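Structure first, commentary second.
All of these numbers come straight from a predicted model, not from anything done at the bench. Letters A, B, ... mirror the listed sequences (proteins, then strands); counts begin at 1.
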Amino acid sequence: MLRQLQAGVATLVGPDLRYGFINEQMRELVGPAEPGQLVNEAPGRLPPVLLEMLPRIHATGTAHTAKACPCGPEHCYDLSVQPYHDEQGRVAGLLLMAVDVREQEQARQRAHELALTTRHLDARLRVLTETAPLMTFTTDAAGQVTYVSPQWYRFTGQPPTADLTAIWPLLVHPDDRLRVLFEAEAARRTGTGWSFEYRLRRYDGVYRWLLSRALPEVHPPDAPVFWHGALTEVHLERELSEARRRGEAELRFLADSIPELVWTASAEGLVEYYNQFTIDYTGLTKEELGPTGWVGLLYQHEQAAAARRWVQSVASGEDFEGEYRLRRHDGVYRWHTIRARQLSDGSGPRWFGTCSDVEEQYRLRQVLQTQYDELSRAHHNLDTFVYAASHDLRQPTNNLRGLFEELRRSVTFADPEQTQMLEMVDTALTELDSTLIDLATTVRTQRQQQEPVEVLDMTLMLEEILLGLRPEIMQRGARIDVQVGEAPGLRYSRANLRSVVHNLVSNSLKFSHPSRPPHIVLRSYLTPEGEPVLEVRDNGLGMHLDDPAHPTFQLFARQHTHVDGTGVGLYLVQRIVSSQGGHLAVTSVIGEGTTFTIHWTTTDSPA
Amino acid sequence: MKHVVYLSRAVRPLTDQDLQHLLDQSRHDNARNGITGVLFYSHGNIAQLFEGEDAIADTLFARIAQDGRHSHVRKLIDKPITTRSFSDWSMAFHPLATEGFEALQGFLLPHHIPPAPSSLPIADALLVELVRLAVFGPDPAQPYQHTLPSAP
Ligand SMILES: Cc1cc2nc3c(=O)[nH]c(=O)nc-3n(C[C@H](O)[C@H](O)[C@H](O)COP(=O)(O)O)c2cc1C
C-alpha cells in the first residue's frame, strides 16, 4: 500500500534511527541510502534542521510537520514525521513522509512576484500620469468622467470637489463645445477612440488649444466600458501652422493675381502648384499639367534640352534660367524667360519658378538687330563707295592739274585778272585733291582699328608732327608750346596719334583769330584716375557747341564758312579716338579760343 | 491603357531578401496581368512606373497603396497612354551582396537603367528621370545617402 502512495515514505527504526523501508519517491530525497544505515550517515537532501529534530521526536513521541521545506537547491517538500509504536506502546521508530510541493511553491512564488510587479507598475503608472506634462482622464460608456489626473485641476483651476462630468463641457470654448460633445458621444456609441483638437479654458480664463486623444479599453467580446485618454497642449503648434497656412494663403493670393506664370516645385523638382495665370495662359488644368507637364508646352525641339537642364538644376541645386517659347491655349508660342530658384522654408527646400513673357522684348530685339545689320551694311557700302569714289576721282583731278600746268606753261595771259583766275583755279584744284585724300583717309581708319600699339615718346612724336606743319606755322607766325612732362609716354598707335594731333593742330591754325597770332598749347598729362590725356588749346575763333549731339564732329559740318577747309578733319579725329576706346571733349568760347581734350583711353562710359 | 507613377517610403529598410521576394512576386504577378514598368529602390526611397489596362492598373495601385511595407505613397501621375514604353517589369536597386543578383531576371543595377524610351513624351521621361534622381541621387553608381523629405 505504501508503494502506491504519491508521497515519499520511509521508516526510521529504533532509537538510533536506521533506515527501514524506503519507497521509490523517497529515493529522490534520500538518495542511495540502504536499509540498516543510520539516517545521519546517509541523510541525502534531508534538511539539517530536521535531522537535528529527529532524536527529540523519537524521545518525546510527538509528531512534527514542516511545510514547504527547501531540500537542496531545487526541491521543496512538505515533510511530516510521526512516531509509530510497538505492541507495548513504546515508540518503535519514526515514519517519514515527504510530499513534493515544488510546483505549488513555484506558483505561489510567482503569484507573489506578480503582485509585487503589479504594485510597481501601478506606482509607476501613477507617477507617470501625475507628472507627465499632459492631463489624463477616464470616462465611462455613459460619458461620466471617472478620473482626471491632478494636472487637469492645475490647468483648469477647478477645486478637487468639482463635478467633472458637469463642469467639463462648460470649460470648452463655446465655438468648439457642440463639436466636441458630438464627436466624443459618437466615439462612445461606436466603441472607437477619438482624436480632435479644441480650446479649453485655463485657470486664468485664457482658452488654449488642446489635442484630445482617447482609446476604449476593450476586453472582447464585451463592449468597451471605459475610455482612457490624454490632453496635450498644442497651442503654439496650432498658432504656428495657422500662421504658416495664412502665409501660404497670402502667397497664393499674390501669385494668383500676378499676370505671370508662377509655380512651385518640391525638392525633387516635381511641380506642386501652378498659379491661376498659368491655368489661363495654357488652358490646361493643374491635373493636365501634372508635375512635369510644363516641359510639354515648350517648342518641340527645345523640350529635351530644357528637361536636361531642369534635372541638372534639381541635382545640383543651381538656379534654372533660360529663354523658351511657351505654347499659349490658342496654340501661339510666345517667348518667355523661365527662371527657378531653390529656397528653403520651414518645411525643407522648395523650388520657386516664374515664366515672364518677353515676346515684345524679343520682337524688339529682333527688329533692332535687323535694323542694326542693315545699317552696318549700308554704312560699310557707303564707306566703300566714298573710298572708291575719292580714289577714282583723284586720277582725273591729277590729270586736270597736269593739263592745267601744261596750259599755264604753253599759254601766256596778258590780263593780270586772268593770272589771278589761274591762281584761283590752282588753289581750287589743290583743295579738291586734299579733300579727296582726307576722305580716303577717313574711311581707311575705319578699317585700321587694328593698328599696332606701342609706347610712344610724346616729345618725339609731337615734334615730328609739328615739323610736318611747319609751313603753316611759319606762315601764320604761330607760337606753339609743348608740355609733356606730366605724361611723356603713351601706349597708342603711331599712325592714329599722328592723324589726331595733325588734324587738331591744323584746325587750330586754320581757325585762328585774324587780330592776333595763333598760340597753341599741347599738354600731355594724366587724369586723377591715371588716364592719359592730351589737351590742345588755342586762342582762335572758337565755335558754337549748342547742339548737344556733337555737331562739331559731323561730317563736313563747317563752322566757319569763310575759312578754307574740308570739314573732314574733326570727324576723323572723333572716329579714331572712339574706335580706340577713348573719347574727345571740347570747350570753346566764341572769339576767345577752343580747347580739345583727348582722353586716349577711358574706363568709364564716355562723357 | 494608362500609366501610373508614384513615390513612397519603405516603412523600414528593405533587405536583399525583401527586395528579391518583391521582385519575384511582382514579376510573376505582373507578367500574368500584363503589367510592365520599372521600380527604383534605394535607402528606403521607392519610385515606380507601371503601365497596363485601366482596370488592372487601378486595382494594382489600390493594392500597392495598401501594402504595409511602405507608406507616404504619393501618386504623381495617372494618365492614358496609347503605347507601352516598357517591354517587361524590372527593378533597380543596390543589393548589399551583388553576387547572384546580376543573373536574376528583371534585376538592374541603378547605373544600368536604360535611358527613357523615346515613345515616352518628354514630360513623362522627365518625370521618370526626376523620380530616379529622387531615389538614387545625382550619381546612380553610388548608393544614395540622402533621404527625401517626407511627403508634405
Ligand atoms: C513598393 C511595392 C511595389 C509593388 N509592386 C507590385 C507590382 O508591380 N505588381 C504586383 O503585383 N505587386 C506589387 N507589389 C505587391 C502588392 O502590394 C501586393 O503585396 C501583392 O500584389 C499581393 O497582394 P495580395 O496579398 O493582396 O494578393 C508591390 C509592393 C510594394 C511594397
Would you indicate whether [X], at its atom [atom1], is surrounded by more than 12 heavy atoms from other residues, nucleotides or ligands within a distance under 6.0 Å?
X: A:Arg341; atom1: CZ; value: no
X: B:Gln105; atom1: CD; value: no
X: A:Arg124; atom1: CZ; value: no
X: A:Tyr333; atom1: OH; value: yes
X: B:Arg84; atom1: CZ; value: yes

How far apart are the closest heavy atoms of [X] and [Y], and which atoms are they?
X: A:Ala315; Y: B:Pro138; value: O-CG, 4.0 Å
X: B:Ala123; Y: A:Gly296; value: CB-N, 4.5 Å
X: A:Pro291; Y: B:Leu127; value: CG-CD1, 3.8 Å

About how many Å separate [atom2] of [Y] and [atom1] of [X], when rounded to the nearest 0.5 Å?
X: B:Ile122; Y: A:Glu302; atom1: CD1; atom2: CD; value: 11.0 Å
X: B:Ile77; Y: A:Thr292; atom1: CD1; atom2: OG1; value: 5.5 Å
X: A:Glu287; Y: B:Lys79; atom1: CD; atom2: NZ; value: 13.0 Å
X: B:Leu126; Y: A:Trp294; atom1: CG; atom2: CH2; value: 6.0 Å
X: B:Arg74; Y: A:Leu270; atom1: CZ; atom2: CG; value: 6.0 Å

| Any residue meeting side-chain contact (heavy atoms from CB on, under 4.5 Å) with A:Val234, in chain and number order, not counting sequence neighbours | A:Glu197, A:Trp209, A:Leu211, A:Glu237

| remark: The complete set of salt bridge (Lys or Arg N to Asp or Glu O under 4.0 Å) pairs with one or both residues in residues 221-235 of chain A, sequence neighbours excluded, reads A:Arg208-A:Glu233

| If you count heavy-atom pairs under 4.5 Å with chain A, which of B:Asp78, B:Val131, B:Leu130 comes out on top? | B:Leu130

| field | B:Leu7 side chain reached by A:Glu268 side chain, heavy atoms, under 4.5 Å | value | yes

